[in-house]
Amino acid sequence: MPERITVFGKKTTLVETRDFTSLASGLKDGPNQSVFFCNVHMLMLAQEDAALADAMDNADVIYADGVPIAWLQSRLSGKDAKVIRGYEMMLAICQRAAKHREKVGFMGSSEDVMNALVGKLAGRFEGLSVAFQHCPPFIPGELRSTQTELKGLKDSGITWLFVALGCPKQEKWIAKYGHVLDCNVLAVGAAFDWLSGKVSKPPEWMERLALAWLYRLLRNPIKMWHRYLIYNMKFIAKAARVLLRKK
């Protein structure tokens, strides 16, 4: 069992290696697993949103999706915690799925992004079997799925379902429906946009220096300013209090 580190009351998964092949195989060994990727925004939002907090409490795996979360894991555990991003795990799983003939499914985003995404992944991973695609209409609040939709998803025979509805909608959907699906479900956020090529991803050097948030803020300040500036400051203040108490 992977080690769990409690960060701000949420049990996150500590990873000491970025061996994605092994991580993907480990997920496959446990059927019907729900996998989240926790960044500062999600962690701080969970302090305010009870439904998101409950979804995180019931998730099987919560990786550190960003340097600040991994850094805090390291400070609390004394171990070398690694960052595991959603799009990285998605690529590793698609590579595994193509090799082992496991079917994958995608849920979220727009038809334009979905078509580009599937085309890019099929070209990158020869033999990848995409057995399910669904782009739900955008609605405020939680997304609800009908029994017919859930049956169609189950009948597709997929092993992996990637959900990109944005946080916290995707995590709440997985918490509500993931347990009735015969597959592993991963909440991958902006991975569809990035891997489809429709939206540029933060460069690697900015990700290493924990500046991916700044890249996204500068590209879309009206949408992102509250998410990053407010929640980042809340994270810094709370992390300082936690570490001072530990010391």
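All residue numbers in this chain count up from 1 along the given sequence. When reading the values below, keep in mind they use all heavy atoms of this one structure, side chains included, and skip hydrogens, waters and symmetry mates.
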Distance-minimising heavy-atom pair for P136 and L165: CG-CD2, 4.1 Å

S109 side-chain N/O to M114 backbone N/O, donor-acceptor pair under 3.5 Å: no

Side-chain heavy-atom pair E207, V83 within 4.5 angstrom cut-off: no

Aromatic plane relationship, Y63 with F37 - under 30° parallel, 30 to 60° tilted, over 60° perpendicular: tilted

Check: F235 ring centre within less than 6.0 Å of F8 ring centre: yes

Ion pair check, K176 and E142, cut-off under 4.0 Å: no

Shortest non-hydrogen contact between K169 and G141, atoms and distance: CE-O, 2.8 Å

Heavy-atom donor-acceptor pair, E171 side chain to L52 backbone, under 3.5 Å: no

Donor-acceptor pair, side chain of N184 and main chain of Q33, under 3.5 angstrom: yes

Heavy-atom side-chain proximity of I158 to L153 below 4.5 angstrom: yes

Side chain to side chain, V242 and L76, heavy atoms closer than 4.5 Å: yes

Atom of Y231, atom of V40 and distance for their closest heavy-atom approach: O-CG1, 3.8 Å

Nearest heavy atoms of I69 and C38, plus distance in Å: CG1-O, 3.5 Å

side-chain contact (heavy atoms from CB on, under 4.5 Å) assessment of I5 paired with K11: CA-CA 5 Å; I5 300 297; K11 292 182 179 180; over 6 Å; no

Pair S200-R219, side-chain contact (heavy atoms from CB on, under 4.5 Å): steps then yes or no: CA-CA 10 Å; S200 61; R219 290 186 62 85; 3.1 Å; yes

Pairwise side-chain contact, K103 with S129, heavy-atom cut-off 4.5 Å (strictly under): yes

